[in-house]
There are 2 protein chains.
Amino acid sequence: MTSLKQIARDIGVSTATVSNALSGKGRVSEELATRIRTLASELGYRPSSAARALKTGQSGILGLVMPDLTNPLFPRIAQNLSIAAESRGLGILIADSRGDAARQDEALTQLVGRGVDGIVIVPQKGTSPVPDGIPAVVINTASDPRTTVSADHLGGGRQLGTHIAGLGHREVVLLGGDAVSEVQQDRIRGMIEGLGPDARHHVAWGEAGLDAVPHLIEGGATAVMATSDLIALGAHSRLSRAGLSVPGDVSLTGFDDLPLATAMHPELTTIAQDVQTIAEHALDVLARRIAGHAPDDPSLAVPMRLVLRTSTAVPRALSRQQETDQQGANS
Amino acid sequence: MTSLKQIARDIGVSTATVSNALSGKGRVSEELATRIRTLASELGYRPSSAARALKTGQSGILGLVMPDLTNPLFPRIAQNLSIAAESRGLGILIADSRGDAARQDEALTQLVGRGVDGIVIVPQKGTSPVPDGIPAVVINTASDPRTTVSADHLGGGRQLGTHIAGLGHREVVLLGGDAVSEVQQDRIRGMIEGLGPDARHHVAWGEAGLDAVPHLIEGGATAVMATSDLIALGAHSRLSRAGLSVPGDVSLTGFDDLPLATAMHPELTTIAQDVQTIAEHALDVLARRIAGHAPDDPSLAVPMRLVLRTSTAVPRALSRQQETDQQGANS
DNA sequence: TTGTAAGCGTTATCAG
DNA sequence: CTGATAACGCTTACAA
């Protein structure tokens, strides 16, 4: 490893001068500076991040704590965070809390121990960890008072609900994966708001909820709204097994716009997160907190975007009636 | 931040003694040692990783370079690598090359600059990067001569092919996403080997290939084998749109056993990677290389596991014939 | 414009 | 058994 000292000795100056020439901070004669720079690049000099971190107290590394790395959203968050971090000259250290709240704290202290400058947390369902004495931001959902930034899950649900109600559905099944998740609770609350007071709804959770779907449809429901695309796919599977077609017999919506949303048939009407904006904002706030500003930023809910595809339609009864109306008008 | 020096001063000994007491290296009287340890934990002492890294020349951090963080396999690799790393006291710094070979090299030097001790690379399709002077392992596929460890994509394809041939299929569509990918090429080669010489096959790629599926089925094919579960889902969508049922009219297989494999209907017969073993082995080899051993380990192909579900069956023509045979036998 | 020197927190060597 | 002390590579006043 070539060091500053190395270069300094080779060229016959002091390490301070080399440091200054390379960083452009102190004043160094242009002639000397270029000589130093060329030698440095010839030698393939790389500053030691350890030494720099030791001296400056900043590692240039951020920690990312995810509740579960296999969470389908993780790749998108990781990617956008990684891009946003890179443009700020920062690196990202990952830690997995594997669905366990205790491990989450462990991961947190692990990262702190590794000297990260700040932490991005996507909390475990139902928890709100408090990292001690290190700048942090939380990406969760609006109803978590500690959240820094989040997708507007409530508003997203509302858009979806409005869409379904607007099509004429008046009895709807709301399907969640895990009732403990605040994110999913917010999504469902939003859906209910969007559906409005005229629509009846049944909320069902998990595998049992999934299995209950055909029964609920028989009972008169004409639409199924899931809190994730994967759950929607599962519902679709139950429906076709029961001989029910989408969107003919029942309309279906998902959440998150995962790749599978366009791979299934019919393509899934769903709602997309603006992960890029979320990542950018999270890092902006985090950078500010690392710089020592008071954490007085209001929490931000980034709007979600409705993606209309072919899994939703006017309910069959209504569409027949419309046809009849039209025939009546034409005759 | 409490430092060794801090503790040393408080207790009236030298930093060296504190260091020794805490690490258990040098011999320190039991009485003093416990006194030091209790004070340390009271003060919440955390060793500075920067200082340690500077001194020892080891950061305890590994870099992970992925071709594209949104690759559906990334979460599983990341998680298993992260678990394996944690148990070795190492951290993982991620870098995304975003589908771009140039960025891949950039990511590599980035990580090196951050002082990682070693690198795990999942290469960009069709590339084989050579990190300069830093221990590294490559996770790709057996036909890449630089691969350190990989799933046995060839063998996996072979198992799947054998299964399909065993059911009696004699004309099969092989569906890949991107012909540039060595992984997918290996999977398809394996499938062909498994199908054996008696079966005809058509290889098709990408979106166009997907669209050609119904036509190929009309032409007499009775099974579709995809190089990923997501592609299989896409094929399923095309099939049902064409009024063809799975596995009634056509058998369907995927690859990787993603969560969606069990969410679709019928559940997908596919093949699973033993990502855990792959991660463990990658880190074992990497640790050995970091420790300075010659990189003479033979490359390892970890067997894949066939997951039989309900998307594959005996071809219709054959099953009718069997019924007839049976009726004949019974009469 | 350049050099000197101190110090970041650890660890390792070598005396005491 | 314990303590000085140097050293890792870098930054940054401050002095020349």
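In what follows, chains are A, B, ... by sequence order, proteins preceding strands, each numbered from 1.
- Side chain to side chain, B/Asp96 and A/Ser82 fail the donor-acceptor criterion of an N or O pair below 3.5 Å.
- Distance, A/Arg46 CZ to D/dC10 P: 12 Å, rounded to whole Å.
- Rounded to 10 degrees, the angle separating the terminal axes of the helix from C/dT1-D/dA16 to C/dG16-D/dC1 is 50°, with each axis obtained from five end pairs.
- A/Asp274 and A/Thr277 share a side-chain donor-acceptor pair at under 3.5 Å.
- For A/Asp68 and A/Gln124, the side-chain atoms include no donor-acceptor pair closer than 3.5 Å.
- Per the geometry, CD belonging to A/Glu31 stands 8 Å off P belonging to C/dT2, to the nearest Å.
- Side-chain contact check for A/Ser150 and A/Asn140: no donor-acceptor pair (N or O, by modelled atom type) lies under 3.5 Å.
- Rounded to a whole Å, the CZ atom of B/Arg35 is 16 Å from the P atom of D/dC1.
- OP1 or OP2 of D/dC10 has not a single side-chain nitrogen or oxygen of A/Ser19 nearer than 4.0 Å.
- As judged by a 4.0 angstrom heavy-atom cut-off over every strand, A/Arg27 is placed among the base-contacting residues.
- Between B/Ile7 atom CD1 and C/dG9 atom P the separation is 12 Å, expressed in whole Å.
- As a whole-Å value, the separation of B/Arg114 CZ from D/dC10 C1' is 17 Å.
- For the 3.5 Å distance criterion, the side chains of B/Thr141 and B/Asp186 qualify, holding a donor opposite an acceptor.
- Rounded to an integer number of Å, the gap from CG of B/Leu4 to P of C/dT11 is 6 Å.
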Test log, rule salt bridge (charged side-chain N to carboxylate O under 4.0 Å, His left out), inputs A/Glu280 and A/Arg88
CA-CA 10 Å; A/Glu280 291 281 353; A/Arg88 290 166 175 76; 3.3 Å; yes
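- Remark: A/Arg52 is in phosphate contact with D/dT11, judged by side-chain N or O atoms under 4.0 Å from OP1 or OP2.
- Whole-Å rounding puts the A/Leu43 CG to D/dG9 P distance at 14 Å.
- The number of heavy-atom neighbours closer than 6.0 Å to CZ of B/Arg288, taken from other residues, nucleotides and ligands shown, is above 12.
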Test salt bridge (charged side-chain N to carboxylate O under 4.0 Å, His left out) on A/Arg37 and A/Glu42; report intermediate values, then the result.
CA-CA 9 Å; A/Arg37 275 193 285 265; A/Glu42 265 173 33; over 6 Å; no
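- Taking atom CG on A/Leu22 and atom P on D/dT12, their separation rounds to 14 Å, with Å as the unit.
- Counting non-hydrogen atoms under 4.0 angstrom, B/Ser3 reaches the backbone sugars and phosphates but no base.
- Nearest-nucleotide mapping onto DNA chain D: of B/Glu30 and B/Leu54, the residue sitting toward the 5' end is B/Glu30.
- Using a 4.0 Å heavy-atom criterion, one finds that A/Lys55 contacts the bases of the nucleic acid, with or without backbone contacts as well.
- Between B/Ser143 and B/Gln185, the side chains place no donor N or O within less than 3.5 Å of an acceptor N or O (distance only, hydrogens not considered).
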Below 3.5 Å is the cut-off: list the nitrogen or oxygen pairs between protein and nucleotides 3-5 of chain C, distance only.
| residue | atom | partner | partner atom | Å |
| --- | --- | --- | --- | --- |
| C/dG3 | OP2 | A/Ser14 | N | 3.1 |
| C/dG3 | OP2 | A/Thr17 | OG1 | 2.7 |

